[in-house]
Amino acid sequence: MGNKINLAVFISGNGTNLQAIIDSIKAGRVEAELKMVISDKKNAYGLVRAEKAGIENIFIDPADFNSRQGYEKELLDYLDKKNIDLVALAGFMRLLSPYFINQFSGKIMNIHPSLLPSFPGLHAQRQALEYGVKVSGCTVHFVDEGMDTGPIILQAPVPVYSDDTEERLASRIREKEHELYPEAIQLFAENRLTIQGRKVYINQP
Ligand code: GRF
């Protein structure tokens, strides 16, 4: 076990994954210090969750910047100030540009509610239902310049039932997400993830 990593979480909404990360850190299952939570939405409930947990939480309004790079530079400045080792996107509804990604390469994770490369983008659960798959799930991956295309770290399957609604499937997947994301962050904290091309190797402890 090494030193704790400095973690930042970016959100746009409810923040149930953020909550799972906060709880896992508290329980000692994830060796990280959650230094800050950043939202691009003022009313994101995840900001309240962070506040309740005593974690610095910041709303940065993209509309205050006249370019995407200007906004992302502000994000990078915050990350720099806290020596952030890993950024976890948790329902952050914004595509980061190469400018940001190149400066944090291999240090940005995302969680997506499908078994990628199936059903990237918005409404992954609805896409799965409409396609008629019997199994969906969730994926934690490193972020590259595409939409949900980066190297896959962990995946977990979830059954799809014939009478599922989008909401029921989403909540079944969400429960899995709450286990999978902390697990992936802990692997990173233990320095056990090696990216080679498209592949992520998980090294033995
Ligand atoms: C999750 O389903 C995640 O996979 C997707 O956005 C949703 C965020 O949910 N990227 P929450 O805000 O963590 O509850």
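Remember, it's 1-based here, ligands and their atoms both numbered in the order they're listed. Everything numeric in this text was worked out from a predicted model, so none of it was measured.
Of the possible donor and acceptor atoms, one in the side chain of D164 sits under 3.5 Å from a partner among the backbone N and O of Y161.
At a cut-off of 3.5 Å, with distance as the only test, a side-chain donor of R49 or N14 sits close to an acceptor on the other residue. Side-chain polar atoms of Q127 and S114 form no donor-acceptor pair below 3.5 angstrom.
Here's the thing with N110: none of its N/O atoms is less than 3.5 angstrom from an N/O atom of ligand 1. For a threshold of 3.5 Å applied to N or O pairs, the pair formed by I111 and ligand 1 contains at least one separation below that value. In terms of N/O distances under 3.5 Å, ligand 1 is not approached by L18.
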Checking salt bridge (Lys or Arg N to Asp or Glu O under 4.0 Å) for the pair K4/E33: CA distance, chi angles, key distance, verdict?
CA-CA 6 Å; K4 290 184 178 181; E33 280 196 36; 5.5 Å; no
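Only side-chain heavy atoms of E177 come within less than 4.0 Å of ligand 1; its backbone N, CA, C and O stay farther off.
A single hydrophobic cluster is seen to contain both Y181 and V37, as judged by linkage of ILVMFWY side chains at heavy-atom distances under 4.5 Å, directly or through other members.
Atom 9 (O) of ligand 1 has N17 ND2, 3.8 Å as its closest protein atom, hydrogens excluded (heavy atom only). In terms of protein heavy-atom proximity, atom 12 (O) of ligand 1 is nearest to G15 N, 2.8 Å. With hydrogens left out, the protein atom closest to atom 7 (C) of ligand 1 is G91 CA, 4.2 Å, a heavy atom.
Around the CG atom of N43, the shell of radius 6.0 Å holds no more than 12 heavy atoms that belong to other residues, nucleotides or ligands.
The T16 neighbourhood of ligand 1 comprises atoms 11 (P), 12 (O), 13 (O), 14 (O), with distances under 4.0 Å to a heavy atom of that residue. Under a 4.0 Å criterion applied to the non-hydrogen atoms of H112, ligand 1 contributes the atoms 4 (O).
Ion pairing between a basic and an acidic side chain is recognised when a charged N comes within 4.0 Å of a carboxylate O; E177 and R174 show no such pairing.
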